[in-house]
A.B. asks: 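Please see the structure below; I have some questions.
Since the structure is predicted, the reported quantities are computational estimates derived from the model, not experimental observations.
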Amino acid sequence: MGQSASTAAITSRRESNHSQRYKSKSTAVISPMQAEENNDELPDGASDYISNLPDECLACIFQSLSSGDRKRCSLVCRRWLRIEGQSRHRLSLNAQSDLLPMIPSLFSRFDVVTKLALKCDRRSVSIGDDALILISLKCRNLTRLKLRACRELTDAGMSIFAKNCNGLKKLSCGSCTFGAKGMNAVLDNCSTLEELSVKRLRGITDGAAAEPIGPGVASSSLKTICLKELYNGQCFGPLIIGAKNLRTLKLFRCSGDWDKLLQLATDRVTSLVEIHLERIQVTDVGLAAISNCLDLEILHLVKTPECTNLGLAAIAERCKLLRKLHIDGWKANRIGDEGLIAVAKCCPNLQELVLIGVNPTRLSLEVLASNCQNLERLALCGSDTVGDMEISCIAAKCIALKKLCIKSCPFSDHGMEALASGCPNLVKVKVKKCRGVTTEGADWLRARREYVVVNLDSGETEPQDASDGVQENGIEFPPQMVQPSVASSSTSRSTSFKSRLGLLSGRSLVACTLRRWSSGNSSSRNS
């Protein structure tokens with residue numbers, strides 16, 4: 001009897017602990033007073049296992065929580081407050097001018113921060129040099145810094161910061177007003193800098209009189225350069241040319257003629273693996289220069305109307321390792337079957353092809369399907385020539401295809417029927433603004449291919465700007481911007497649910513699709 005009573009008591013206690021553990025997940029705030037009351041109510045002989053956890057174990061637990069949950073945990077007791085602060089490596093702050101007096105206490109608590117984001121509202125006064133210098137003295141181990149709309153920072157402040165935080169590996173700045181001197185100070189002092197992203201740097205808009213930027217000691221370690229919306233982005237030319245280990249170059253909406261700079265850069269920098277060109281002045285001359293990068297795997301040409309089949313063929317003939325190709329032809333009809341056939345014949349490793357405002361026919365699609373046996377992801381948007389015949393060709397010949405995205409193309413339910421009997425590895429089909437495709441056609445495909453996810457949005461056609469969101473999601477390695485260290489499970493579920501409903505909102509179909517593709521490719525590449 002005594003033994004059974006003891007067993008029952010243990011079982012009851014386990015059930016109580018189990019239910020209490022699940023209840024605590026839904027608790028919004030845990031106050032120190034409640035914690036103390038719970039400790040007082042512990043039965044005789046019971047142990048407070050949480051208090052016996054080493055600091056290192058508790059820190060690991062905190063790192064698995066979302067930012068909001070970490071804040072709530074820090075309110076439980078002084079020990080948790082201390083451990084949570086000492087284990088937080090990433091911090092994002094509202095960088096308004098009134099942050100200055102709080103910096104000492106903030107970085108006394110968060111004394112191991114290595115990734116820092118300073119963001120200011122455009123209508124507010126940002127921190128100045130004094131605050132940035134004080135931060136650099138408190139965070140000498142900083143490896144990543146993001147500056148957004150910090151318009152009060154000057155070249156002098158950036159120079160002192162660069163000397164104090166010379167271990168910086170990644171710098172991202174947008175809508176700031178310091179100029180070439182501040183940027184050169186970073187490049188001259190941060191010898192381990194690997195990633196540089198610059199957007200709307202307002203201090204370098206002086207035209208031909210602008211001071212050249214780079215190369216500096218950072219040129220030997222730089223692997224990624226991203227320039228966005230710069231009036232005089234070509235002043236970064238010495239840096240691009242001098243970065244001999246550069247692997248990724250992204251140029252978005254930067255004025256000036258880039259052909260000559262690309263020629264100079266690719267003569268010396270042959271290690272490039274990824275190139276993004278969006279809305280910049282580049283012609284086939286620039287594409288021919290890019291063909292010197294024999295290791296090129298990823299190429300994005302977005303709204304570069306002076307690029308033609310000739311330039312694309314030049315790249316295809318020499319860059320045989322190409323895996324991902326995104327082209328937004330902007331309805332210019334300068335790139336079509338001829339360029340795509342060259343890609344199909346010379347780039348057998350092609351896995352992802354996105355064509356926006358390009359008009360491929362069955363002629364090029366057949367060659368692509370026959371020669372590119374690894375083609376897994378295909379997106380066709382705003383193509384006037386992609387009808388039932390072209391979709392039937394894809395269904396019959398693209399054996400490895402897993403994901404298909406079609407937007408604003410003149411195909412019908414007959415094309416959907418062809419997909420039902422083809423593409424044996426297909427797992428997802430997204431169709432948007434294709435008036436010939438009906439709900440019945442989508443339902444019929446679901447019924448025939450029950451393991452294929454079919455998303456259909458046959459809304460009215462809107463003004464086409466199919467690249468919206470495509471390049472914006474592809475840069476920031478990542479990017480993503482600085483976020484809480486690890487998202488909570490509820491956040492992940494919410495994000496997943498929203499992404500499933502992406503077609504029902506007004507957001508770009510291609511953007512939603514490519515976000516998933518890029519994340520999948522990143523994980524496969526890392527593995």
Side-chain angles (χ1 to χ4, degrees), residues 129 132 144-151 153-269 271-272 275-278 280-282 286 289 475-476:
D129 291 344
L132 186 65
R144 295 190 180 187
L145 176 65
K146 176 185 289 185
L147 300 173
R148 288 293 179 269
C150 295
R151 295 175 297 277
L153 297 180
T154 68
D155 291 332
M158 289 299 297
S159 298
I160 298 175
F161 170 84
K163 292 177 182 177
N164 292 337
C165 297
N166 54 16
L168 204 64
K169 292 185 178 181
K170 180 177 180 179
L171 173 64
S172 174
C173 54
S175 301
C176 296
T177 54
F178 61 88
K181 287 184 174 61
M183 188 60 65
N184 277 323
V186 173
L187 297 173
D188 289 336
N189 289 279
C190 302
S191 59
T192 58
L193 191 68
E194 296 180 355
E195 296 183 34
L196 177 64
S197 178
V198 182
K199 180 177 181 180
R200 290 196 297 267
L201 191 61
R202 306 186 187 281
I204 56 169
T205 58
D206 298 330
E211 178 181 345
I213 296 176
V217 298
S219 61
S220 61
S221 60
L222 265 176
K223 296 179 180 178
T224 300
I225 296 177
C226 178
L227 307 178
K228 290 185 178 182
E229 300 177 22
L230 298 177
Y231 291 110
N232 198 17
Q234 294 185 1
C235 66
F236 283 86
L239 176 62
I240 297 174
I241 295 171
K244 295 186 178 181
N245 295 314
L246 192 66
R247 296 181 62 81
T248 301
L249 177 63
K250 300 181 180 181
L251 304 173
F252 300 94
R253 300 179 292 279
C254 294
S255 60
D257 186 354
W258 288 87
D259 282 343
K260 185 175 181 180
L261 181 55
L262 287 173
Q263 285 178 312
L264 294 173
T266 53
D267 282 342
R268 302 184 184 183
V269 183
S271 58
L272 281 167
I275 296 179
H276 294 230
L277 305 177
E278 178 178 340
I280 67 169
Q281 186 178 340
V282 62
I475 286 320
E476 303 277 348

A.B. asks: Compare every heavy atom of C173 with every heavy atom of F178, then report the nearest pair and how far apart it is.
C.D. replies: CZ-SG, 4.0 Å
A.B. asks: Considering all heavy atoms of both residues, which atom of T266 and which atom of Q263 are nearest to each other, and what is their separation?
C.D. replies: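 Smallest heavy-atom distance, with atoms named: OG1-O, 3.5 Å.
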A.B. asks: Could you verify whether a donor N or O on one side chain and an acceptor N or O on the other, from D129 and T154, lie under 3.5 Å apart?
C.D. replies: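 Yes, T154 and D129 have a side-chain donor paired with an acceptor closer than 3.5 Å.
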A.B. asks: Taking only residues two or more places apart in sequence or in another chain, which ones pass side chain to side chain donor-acceptor pair (under 3.5 Å) with S175?
C.D. replies: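 Partners of S175 under the side chain to side chain donor-acceptor pair (under 3.5 Å) test: R200.
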A.B. asks: For K181, check salt bridge (Lys or Arg N to Asp or Glu O under 4.0 Å) against everything at least two apart and list the hits.
C.D. replies: E211
A.B. asks: Find out whether L196 and L222 are in side-chain contact, i.e. whether some heavy atom of one side chain is under 4.5 Å from a heavy atom of the other.
C.D. replies: yes
A.B. asks: Could you list the residues that satisfy salt bridge (Lys or Arg N to Asp or Glu O under 4.0 Å) with R268, not counting sequence neighbours?
C.D. replies: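 With sequence neighbours excluded, R268 shows a salt bridge (Lys or Arg N to Asp or Glu O under 4.0 Å) to no residue whatsoever.
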A.B. asks: Does a donor on one side chain sit under 3.5 Å from an acceptor on the other, for R144 and S172?
C.D. replies: no
A.B. asks: Just distance, no hydrogens or angles: give the donor-acceptor pairs under 3.5 Å from side chains in residues 186-193, sequence neighbours left out.
C.D. replies:
unit_1, atom_1, unit_2, atom_2, d
N189, ND2, A185, O, 2.7
T192, OG1, G167, O, 3.4
T192, OG1, L168, O, 3.4

A.B. asks: Rounded to the nearest 0.5 Å, how far apart are SG of C235 and CD1 of I240?
C.D. replies: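 One finds 9.5 Å between SG of C235 and CD1 of I240.
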A.B. asks: Could you list the residues that satisfy side chain to side chain donor-acceptor pair (under 3.5 Å) with T177, not counting sequence neighbours?
C.D. replies: none
A.B. asks: What's the shortest heavy-atom distance between M183 and L171, and which atoms?
C.D. replies: SD-CD2, 4.4 Å
A.B. asks: Enter the distance from M158:CE to C150:SG here, rounded to the nearest 0.5 Å.
C.D. replies: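 Atom-to-atom, M158:CE and C150:SG are 9.5 Å apart.
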A.B. asks: Given side chains that start at C-beta, do those of K244 and L246 come closer than 4.5 Å, heavy atoms only?
C.D. replies: no
A.B. asks: Considering all heavy atoms of both residues, which atom of P212 and which atom of P238 are nearest to each other, and what is their separation?
C.D. replies: CB-CG, 3.9 Å
A.B. asks: Shortest non-hydrogen contact from D257 to Q234?
C.D. replies: O-NE2, 2.5 Å
A.B. asks: In the structure I gave you, are the side-chain heavy atoms of N245 and S221 within less than 4.5 Å of one another anywhere?
C.D. replies: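 No, their side chains stay 4.5 Å or more apart.
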A.B. asks: Mind checking what makes side chain to side chain donor-acceptor pair (under 3.5 Å) contact with N166, not counting sequence neighbours?
C.D. replies: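 Scan of N166 (side chain to side chain donor-acceptor pair (under 3.5 Å), adjacent residues dropped) gives none.
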A.B. asks: So do Y231 and C254 actually touch side chain to side chain, heavy atoms under 4.5 Å?
C.D. replies: no
A.B. asks: May I ask you to decide whether K170 forms a salt bridge with E194, counting only side-chain N to carboxylate O separations under 4.0 Å?
C.D. replies: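 Salt bridge flag = no for E194 with K170.
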A.B. asks: Roughly how far, to the nearest 0.5 Å, is the CG atom of L262 from the CG atom of L249?
C.D. replies: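 Interatomic distance, L249 CG to L262 CG, rounded to 0.5 Å: 7.0 Å.
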A.B. asks: Would you check, one step at a time, whether the test salt bridge (charged side-chain N to carboxylate O under 4.0 Å, His left out) holds for E278 with R253?
C.D. replies: CA-CA 6 Å; E278 178 178 340; R253 300 179 292 279; 2.9 Å; yes
A.B. asks: Nearest 0.5 Å, please: how far is CD1 in I280 from CG in L230?
C.D. replies: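 L230 CG to I280 CD1: 11.5 Å, rounded to 0.5 Å.
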A.B. asks: What's the spacing between S197 OG and K146 NZ if we round to 0.5 Å?
C.D. replies: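 The distance works out to 8.5 Å.
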A.B. asks: Among I204, I225, L251, L261, find the one that has a side chain to side chain contact (heavy atoms under 4.5 Å, CB included) with F236.
C.D. replies: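 Running side chain to side chain contact (heavy atoms under 4.5 Å, CB included) over I204, I225, L251, L261 with F236 returns exactly one hit, I204.
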A.B. asks: Are side-chain heavy atoms of F252 and C226 found at a separation under 4.5 Å?
C.D. replies: yes
A.B. asks: Mark yes or no for whether D155, through its side chain, and G179, through its backbone, hold a donor-acceptor pair below 3.5 Å.
C.D. replies: yes
